[in-house]
Amino acid sequence: MRTIVAAGARVERRRSAVLEIRKHLAGLYRGFVWWASLYGDVDDYYERERREQVVGLHDELSKQYLPRSVWLSEGSRKKVENFLRMSEELCSEFSAEIEQRGYPRVRNSMERRVSKKLRPLKTEVESGLEAELEEPRSRGWRKRLRKP
């Protein structure tokens, strides 16, 4: 009976970790979309506010991901880490370009790059996380520990 309870708790922790990561992933992606879609006469304040929001969402996803990554398969971890790396690169690129050329001139290229570079990674991570929820986790780590 204890084994069943322990296994159920493990499954629930894994499910909870996957759902948390998915929530933060979606929030960060939405933040990029919002940042890239300011229209009209854009005040520097609003652009900076959106930029800071993206930076905050990236930090939040990073902090939430690390302790929960133990519940993910290696493939899913790599997908999340690729998304985090690309989002950090895009944020830095966008910030530098905005400082040089101004937001109105950079906005269209931001939209294209978010769609071209970040959306496919997000879709890949989401499908990997979905698979995490559907498949029971193997106990491969115990086998690796037993090997001489």
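Computed from a predicted model, the values in this text were never measured in an experiment.
Nearest heavy-atom pair, Pro120 versus Ser115, reported as atom, atom and distance to 0.1 Å: CD-O, 3.4 Å. The minimum heavy-atom distance linking Arg68 with Gln64 is given by the pair NH1-OE1, 2.8 Å. Nearest heavy atom pair, residue Gly128 against residue Lys79, reads CA-NZ, 4.0 Å. In this structure, Leu57 and Gly31 approach most closely via the heavy-atom pair CD1-CA, 4.0 Å. The minimum heavy-atom distance between Val106 and Arg113, with the atom names listed, is CG1-NH2, 4.4 Å. The minimum heavy-atom distance between Arg107 and Ala36, with the atom names listed, is CG-O, 3.1 Å.
A 4.5 Å side-chain heavy-atom check between Leu28 and Val54 finds at least one atom pair inside the cut-off. Residues Ile21 and Trp71 are not in side-chain contact: their nearest non-hydrogen atoms beyond the backbone lie 4.5 Å or more apart. A 4.5 Å side-chain heavy-atom check between Arg14 and Leu133 finds every atom pair outside the cut-off. Within the 4.5 Å cutoff, the side chain of Asn82 has heavy atoms near those of the Arg85 side chain. In this structure, Glu124 and Phe83 have side chains that are not in contact, with every pair of non-hydrogen atoms separated by 4.5 Å or more. Ser87 has its side chain within reach of Leu118: a pair of non-hydrogen atoms, C-beta onward, lies under 4.5 Å apart. Annotation: side chain of Cys91 is in contact with side chain of Val55 (closest heavy-atom distance under 4.5 Å). For the pair Phe94/Phe32, a side-chain contact is recorded, criterion being any heavy-atom separation below 4.5 Å from C-beta on.
With Ser92 contributing its side chain and Glu88 its backbone, the two residues share a donor-acceptor pair below 3.5 Å. At least one donor-acceptor pair closer than 3.5 Å links the side chain of Arg77 to the backbone N or O of Leu72. A donor-acceptor contact shorter than 3.5 Å links the side chain of His58 to the backbone of Leu84. Between the side chain of Arg22 and the backbone N or O of Val18, no donor-acceptor pair lies under 3.5 Å.
Glu81 and Tyr65 form a side-chain donor-acceptor contact under 3.5 Å, judged by distance and modelled atom types alone. Side-chain atoms of Trp35 and Glu47 include a donor-acceptor pair closer than 3.5 Å. No hydrogens or angles considered: a donor-acceptor pair under 3.5 Å links the side chains of Ser73 and Glu132.
In this structure, CD1 on Ile98 lies 9.5 Å from CZ on Arg48, to the nearest 0.5 angstrom. Summarising the geometry, atom CD belonging to Glu20 is positioned 10.5 Å from atom CG belonging to Leu61; distances are rounded to the nearest 0.5 Å. Rounded to the nearest 0.5 Å, atoms OG (Ser109) and CD (Glu93) are 9.5 Å apart. Here the CG-CD distance, from Leu121 to Glu126, works out to 11.0 Å after rounding to the nearest 0.5 Å.
Remark: Glu60 does not engage Lys23 in a salt bridge, criterion side-chain N to carboxylate O under 4.0 Å. Look at Glu74 and Lys78 and you find a salt bridge, because one of the NZ, NE, NH1 or NH2 atoms lies within 4.0 Å of a carboxylate O, short of that distance.
Side-chain heavy atoms closer than 4.5 Å link hydrophobic residues (I, L, V, M, F, W, Y) into clusters, and following such links, even through other members, never connects Trp34 to Tyr46.
When the shell of 6.0 Å around CZ of Arg101 is examined, it contains more than 12 heavy atoms from other residues, nucleotides or ligands.
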